[in-house]
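Below is one structure, written out as structure tokens; the observations come after it.
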Amino acid sequence: MAAALGLVVAESWKLALPALHRFGAAFVVSAAWDPTQDSFGALPFLLGTLVTSAEAMALALPVGLGAAIFLSEMAPPRLRAFVRFPIEMLAAIPSVVVGLWGLFVLAPPLRDHVEPLFARTGLPIFAGTPVGVGLLAAGLVLAVMVLPTVTSLSLEALTAVPRAQREGFYALGATRWETVRRGVLPAARSGLFGAAVLALGRALGETMAVAMVVGNSPDMPRSLLSTGSTLASVIANEFTEAVSDLHQAALAELGLLLLGVTLLLSIAGRLLMRRAVR
Amino acid sequence: MTAAPPRASPFRRRRRAFVDSAMTWLCGACIAIALLPLASLLFMVVARGAGAMSWTFLTHLPKPVGETGGGVGNGLVGSALILGVAAVIALPAGVGAGLYLAARGDGATGRAVRFLAEVLSGAPSVVVGIAVYALLVRPMHRFSAVAGGLALAILMLPMLARATEEAVRMVPRDLFEASLALGVAEWRSSLWVVARTALGGITTAGCLALARAAGETAPLLFTALGNAFWNVRPDQPTASLPVQIFDYAVSPYPDWQRQAWGAALVLLLLVAVLNAVARIATRARLPGGA
Amino acid sequence: MRRLPLVLLLLAACHSSTQSSAPAPSQTLVNGAGSTFVFPLLSKVFSDYTRVAPAVRFNYQSIGSGAGIRQITDRTVDFGASDAPLTDEQLAKAPGLLHLPVVLGSVAVAYNLPGKPALRLTADALAGIFLGEISRWNDPRLAAANPGVELPDLAIAVVHRSDGSGTTAIFTDYLAKVSPTWAAKVRHGTAVRWPIGIGGKGNEGVAGQLTTLPGAIGYVELAYAFQNHLPTVELQNASGAWIKPSIASTTAAAAGVDLPPDLRVSVTNSGNPAAYPIAGFTYLLVYRDQTDPVKGPALAHFLWWEIHQGQAEAEPLLYAPIPPSVVEKDAAKVQSMTLSGKPIVEG
């Protein structure tokens with residue numbers, strides 16, 4: 001296990017060395033990604049990753065939490081078992097299949113109906129030409145992908161709250177929602193937070209589905225309708241064909257950045273979950 | 001919180017009841033929203049995939065560009081080969097680590113291993129692809145099923161270790177101690193008594209890990225690459241279903257896009273079968289449990 | 001415990017047992033990767049070549065010319081294919097690599113407009129669109145060259161390659177020749193920093209975007225435009241003539257070209273009045289000194305066949321065969337290939 005992890009870090013590090021030497025810390029704040037000039041910066045991809053993941057979280061967190069509350073507090077047990085299975089099944093669907101769905105089922109109506117509507121609002125975050133694929137589509141696809149994680153981990157956190165907690169509130173005459181809001185949610189707080197952090201970690205590292213719908217341009221994201229790239233998607237697109245060693249090194253360094261961020265998140269998430277379940 | 005005052009006004013009580021039922025509906029709606037994409041996805045994959053499905057599709061090689069027909073037989077065999085390699089690497093290592101964790105996992109080393117497993121399980125698959133490219137592909141001057149298998153094995157390891165540990169921990173401790181009492185060495189007890197009893201759980205773990213690995217695409221792009229022909233040699237570039245889905249999906253040929261849906265259906269069925277086997281294995285081995 | 005891997009392997013084997021025709025174990029697999037530009041042709045050629053040499057299979061993965069150069073340099077494949085010759089710097093890292101032009105192709109500028117009106121673009125207008133200076137289809141700078149064509153009030157969606165690509169190299173090589181702004185701002189290469197647009201992976205990806213996105217314009221290899229029924233732009237060449245991409249206008253681009261000894265050459269913006277301005281050779285990249293006693297000869301014999309008999313495959317797929325002068329030079333290169341120091345193909 002340690003060998004496997006060490007291997008991943010060491011080999012990526014070795015490959016990334018030329019870029020580490022050449023660009024140093026400036027790599028993460030530079031917006032230039034220009035293979036013809038051998039100048040590379042991670043900023044467009046960091047932002048692309050941030051924007052798509054934030055969007056996914058904004059959509060998936062409320063829905064996932066709501067679903068988890070319904071399943072743990074409101075649904076009859078038979079329905080709970082019945083619904084839980086398909087939601088967990090969603091987690092088992094390969095990324096590339098979700099991407100296929102995003103590309104052919106989600107993107108066309110986005111382009112023809114949803115995005116023109118958003119563009120008409122005139123808000124700067126919806127500036128640009130509706131093309132279907134782009135940061136908006138990528139965020140939606142990511143939301144679909146992290147939804148099962150959010151739901152099942154939140155459910156775990158909620159069910160870990162002792163029964164007595166609820167019964168106390170009911171005894172005081174609280175309605176079901178009041179019990180949830182004042183009794184269950186605060187008690188499950190750190191577990192729910194952990195669920196969010198783990199889901200975020202998954203969103204950040206998701207590759208294929210994003211690469212298929214994000215539009216793949218190495219530019220700074222200008223609006224939600226614009227095309228972009230994430231750390232993971234640019235690696236998938238450019239890694240085998242990076243002609244100069246520096247280009248390959250820069251991609252490996254993006255990989256290291258991604259690895260670092262997701263590892264931190266996964267550690268933080270698990271610590272929070274553990275504290276909650278204990 | 002001071003829940004309800006003893007004598008609430010009728011108005012206030014009605015308001016609280018309204019909020020309560022509104023929130024119930026809202027949360028129920030969340031379930032519907034959560035299930036909507038799943039329903040759409042499954043429907044599209046089955047509806048469009050079924051159209052591409054045929055015996056030829058499953059057993060033939062892709063046709064040259066411009067000719068319609070052909071199939072994903074190479075991807076099926078290739079996926080099987082890569083998964084086979086991954087299983088050979090990951091199963092002993094992952095199950096071994098799980099057994100170790102279950103037996104001695106409470107010490108500092110055990111905690112460290114468990115921690116590493118959790119950390120590794122969060123690693124993005126695409127980064128694993130980079131590492132295996134640097135470790136195997138470049139030095140050996142070839143893309144290969146072995147490289148693809150290693151990448152998938154690294155992704156399977158933490159899952160296997162953790163699930164094995166859990167399965168083993170469900171085996172009654174008495175059984176293990178009985179074996180020790182009979183004078184059987186600790187490692188043999190662990191292997192023969194505990195592992196056999198926990199076999200169902202371990203099979204479950206293996207199937208789930210394989211199911212996850214079967215759908216992985218990103219690391220294979222840099223390791224197994226692809227192959228337009230049949231290949232059973234682990235040292236050669238190898239096709240795989242997920243990579244074929246990706247290639248076909250972004251292609252401009254309607255016939256290939258159709259085949260991408262077909263391949264997606266095949267892949268989903270494969271994942272579903274592995275998941276089903278995982279569930280059955282657990283149920284069969286743990287009477288009354290799970 | 002011991003049964004477990006077996007069980008799982010069986011499981012894995014189960015889902016593959018549906019395949020009936022097992023691969024012949026004695027086949028030699030020669031692996032190649034690179035240009036998506038030439039993929040339609042190569043996939044046909046390799047499929048036909050199995051009738052000439054049944055014991056050899058050429059596995060070609062179209063992952064982009066950049067990848068072709070990278071992977072042949074790293075020697076992870078037996079041959080590469082690229083639409084852009086290696087730069088001097090790249091060639092220094094792959095000593096002994098031969099460039100064999102095997103076919104001429106043209107890069108079509110294709111678009112998706114309602115009603116598919118015919119479209120002409122001057123070199124300036126083309127550069128303006130790809131620089132992001134012209135952003136709507138009803139821009140007066142486009143109307144001037146298209147009298148009588150009703151251009152819609154629609155945003156222009158530029159589609160370009162997201163991967164390292166020889167198609168991009170040829171296209172940007174042309175733009176850098178005709179537009180000083182482009183030459184200064186974007187330059188040319190297999191991957192450039194696009195001022196604007198959506199990236200598609202491979203010629204396939206760009207063509208895919210073009211078929212589905214109204215208002216889109218992008219550049220693809222001619223065969224991709226044709227197969228997807230995409231209308232192509234008529235361009236103004238260096239002599240001022242309006243030229244559609246075709247086999248004849250592509251052949252004209254290479255007529256009388258001065259070939260350097262290493263065969264690395266650009267044929268864009270040709271002075272020939274009949275020439276389509278965005279054309280280029282696709283090169284197969286192989287090492288002069290082969291080491292594998294089976295693959296080396298297989299590769300050399302294939303190359304010999306490809307530059308002679310194989311040329312007949314080009315036209316039906318909308319590529320232009322290489323001119324006789326190039327065939328001659330290619331033949332000399334193939335004859336110079338050696339297996340552990342001994343020549344493979346006799347003259």
Side-chain angles (χ1 to χ4, degrees), chain A residues 1-2 4-5 7-8 11-12 14-15 62-64 66-67 69-71 74 83 86-87 89-90 92-101 103-105 144 147 151 169 172-178 182 201 204-205 207-208 212 232 235-236 239-240 252 255 258-259 262-263 265-267 270, chain B residues 1 3-4 16-17 19-20 23-24 26-31 33-35 37-38 40-41 44-45 97 113 116-128 130-131 133-135 154 157-158 161 211-212 214-218 221-222 242 245-246 249-250 257 260-261 264 267-268 271 275:
Chain A
M1 198 73 60
L5 185 69
L7 186 149
V8 170
E11 290 294 333
S12 316
K14 213 168 67 190
L15 210 58
V63 174
I69 291 174
F70 186 80
L71 290 179
M74 301 163 174
V83 172
I87 288 187
M89 216 168 84
L90 191 55
I93 292 178
S95 170
V96 68
V97 177
V98 180
L100 183 71
W101 175 81
L103 190 60
F104 289 104
V105 181
V144 170
L147 198 52
T151 310
F169 274 83
L172 286 172
T175 64
R176 193 152 61 179
W177 171 246
E178 285 161 352
R182 311 262 168 107
L204 294 176
T207 311
M208 290 320 288
M212 289 166 87
I235 297 171
F239 187 72
T240 45
L258 180 61
L259 188 68
T262 47
L263 291 191
L265 281 175
S266 108
I267 294 167
R270 291 200 193 273
Chain B
M1 114 117 203
R16 286 173 54 215
V19 168
D20 183 52
M23 289 317 289
T24 306
L26 202 64
C27 290
C30 285
I31 292 278
I33 295 172
L35 291 180
L38 177 72
S40 160
L41 196 151
M44 294 310 287
V45 170
V113 171
L116 282 175
E118 290 186 352
V119 167
L120 190 61
S121 73
S125 62
V126 70
V127 181
V128 175
I130 292 184
Y133 177 88
L135 179 77
I154 291 174
L157 260 183
R212 183 186 159 194
E216 275 296 347
T217 317
L221 293 174
F222 322 145
I245 294 173
F246 175 64
V250 298
Q257 292 175 1
W261 287 100
L267 183 59
L268 275 194
V271 170
N275 272 301

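In what follows, every chain begins at residue 1, and chains take the letters A, B, ... in the order their sequences are listed.
For the pair Val127(B) and Ser12(A), the tightest heavy-atom approach, listed with the atom from each and the gap, is CG1-OG, 4.0 Å. Here the closest heavy-atom approach between residue Ser40(B) and residue Trp101(A) is recorded as OG-NE1, 2.8 Å. For Trp261(B) against Val105(A), the heavy-atom pair with the smallest separation is CH2-CG2, 3.9 Å. The heavy-atom pair separating Pro94(A) from Leu268(B) by the smallest distance is CD-CD2, 3.8 Å. Nearest approach of Ala174(A) to Arg16(B), heavy atoms of both residues: CA-NH2, 3.8 Å.
Of the residues considered (Ala236(A), Gly205(A), Ala92(A), Ala252(A)), Ala236(A) shows the highest number of contacts with chain B, using heavy-atom pairs under 4.5 Å. No other option in Leu100(A), Val97(A), Leu15(A) has as many heavy-atom pairs under 4.5 Å with chain B as Leu100(A).
Residue Leu41(B) touches chain A through both its backbone and its side chain, counting heavy-atom pairs closer than 4.5 Å. Both the backbone and the side chain of Leu90(A) have a heavy atom closer than 4.5 Å to some heavy atom of chain B. Interface remark: Leu267(B) contributes side-chain atoms only to the contact with chain A (heavy atom separation under 4.5 Å).
To the nearest 0.5 angstrom, Thr175(A) atom OG1 is 10.5 Å from Met23(B) atom CE.
The aromatic rings of Phe239(A) and Tyr133(B) sit perpendicular, their planes meeting at an angle over 60°, well past the 30° parallel limit.
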